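Quick notes on the structure that follows.
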Amino acid sequence: IRDRVRSRGLGDVYKRQAVELGSSGPDVRGVAQGVAGEIGQPGIERRRSCSRFFLYFNGRTNGRMTPSDLVFVKLGGAAITDKTKPLTSLPDRIANLADQIARAWKNRPEMQMVIGHGSGSFGHYSAQKYNTKNGVHTTADWQGFAEVWNNARQLNEQVIHALLNVGLPVIAFPPSAWIVTENREPVAFLVEPIRKALENRLIPVVNGDVIFDRASGGTILSTEDVFSLLANELHPSRIILASREPGVWKNYPENTQLAE
């Protein structure tokens with residue numbers, strides 16, 4: 001994420017300031033406080049959770065529906081799936097996170113929200129099998145492209161249903177349907193339907209997905225890639241990341257130094 005911040009000019013969104021919201025344990029808590037808390041005044045109590053949550057913020061709210069009231073929330077693949085087992089979700093964790101988000105949504109009627117989630121043991125498993133990220137050319141490659149899409153869709157449906165079950169007005173926006181890349185850089189995309197959803201107090205949900213690419217046939221964009229694009233278009237005040245990692249790694253993939 002740090003590399004994407006540097007390359008895509010999102011320093012105003014991803015601040016180098018983080019507040020730990022949770023630590024390892026059986027329950028998930030903390031997301032609701034992170035979303036609903038005053039910007040710049042996190043006041044987060046450390047609690048036991050199945051993941052670690054870090055809050056990145058800037059800007060201030062003013063009580064009106066403005067861009068500063070828009071929050072991005074990403075549910076990491078490691079937080080909602082068992083990445084050691086292919087195609088294995090963690091329904092209790094997904095339901096718990098959905099409940100927290102619902103409580104925050106109800107407490108902040110002026111807030112707008114975009115939710116994203118990783119693919120965890122779903123999309124990553126088949127994506128590595130077919131090396132989809134590095135190009136799609138042959139008939140077998142395109143068969144793999146469809147398989148990756150289907151696996152990612154399966155997890156997305158589980159997340160969508162969990163959010164709907166707690167009363168959140170979510171609607172899915174799979175990136176494969178509205179983004180085209182060239183050499184993995186977005187060159188054509190349609191954000192207007194997402195804007196319309198936000199204007200009508202719906203919650204768009206995006207996820208890591210296969211993407212048609214003008215140069216390589218096909219590729220994959222992560223949820224962070226999609227958030228980077230949307231952040232430049234929608235200007236959220238905060239991006240909340242729910243993950244099992246202890247923070248943002250300064251030297252990914254070695255993962256020995258945390259960004260301060």
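Values below: all heavy atoms of this structure, side chains included; hydrogens, waters and symmetry mates excluded. None of these values were measured; they are calculated from a predicted model. If you read the sequence from its start, that first residue is 1, and numbering goes on from there.
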L168 and L164: CA distance, side-chain angles, deciding distance, side-chain contact (heavy atoms from CB on, under 4.5 Å) verdict: CA-CA 5 Å; L168 290 168; L164 287 170; over 6 Å; no
Flag, side chain of T132 to backbone of T219, donor-acceptor distance under 3.5 Å: no
Flag side-chain contact, heavy atom, 4.5 Å: W105 against I203: yes
Under 3.5 Å: donor-acceptor pair, side chain of T88, backbone of D82: no
Heavy-atom check, side chain of Q158 versus side chain of F122, under 4.5 Å: yes
side-chain contact (heavy atoms from CB on, under 4.5 Å) between Y130 and D141, worked out: CA-CA 7 Å; Y130 294 102; D141 288 343; 5.7 Å; no
Side-chain donor-acceptor contact under 3.5 Å, D225 with S228: no
R184 side chain vs S216 backbone, donor-acceptor pair below 3.5 Å: no
Side-chain donor or acceptor of S121 paired with backbone N/O of T81 under 3.5 Å: no
Between T181 and D213, a side-chain donor and acceptor under 3.5 Å: yes
Note, V205 side chain near L163 side chain (heavy atom, < 4.5 Å): yes
Heavy-atom closest pair, residues S119 and H124: C-CD2, 4.0 Å
Test item: V191 and L229 side chains (from C-beta on) under 4.5 Å apart, heavy atoms: yes
F173 atom CZ: more than 12 heavy-atom contacts under 6.0 Å: yes
SB check R195 E199 (cutoff 4.0 Å): no
N207 and T223: side chain donor to acceptor below 3.5 Å: no
Trace of the side-chain hydrogen bond (donor to acceptor under 3.5 Å, both in side chains) decision for N151 with S126: CA-CA 8 Å; N151 289 343; S126 49; 2.9 Å; yes
Close side-chain approach of F72 and I240, heavy atoms under 4.5 Å: no
Heavy-atom side-chain contact between I220 and V148 under 4.5 Å: yes
Between N134 and N131, a side-chain donor and acceptor under 3.5 Å: yes
Backbone N/O of A152 and side chain of N156: donor-acceptor pair under 3.5 Å: no
Side-chain (N150) to main-chain (E147) donor-acceptor, under 3.5 angstrom: no
E254 atom CD: more than 12 heavy-atom contacts under 6.0 Å: yes
Q143 atom CD, over 12 foreign heavy atoms within 6.0 Å: no
Test item: M113 and V73 side chains (from C-beta on) under 4.5 Å apart, heavy atoms: yes
Under 3.5 Å donor-acceptor, R103 side chain and A98 backbone: no
Side-chain heavy atoms of I94 within contact of N96, under 4.5 Å: no
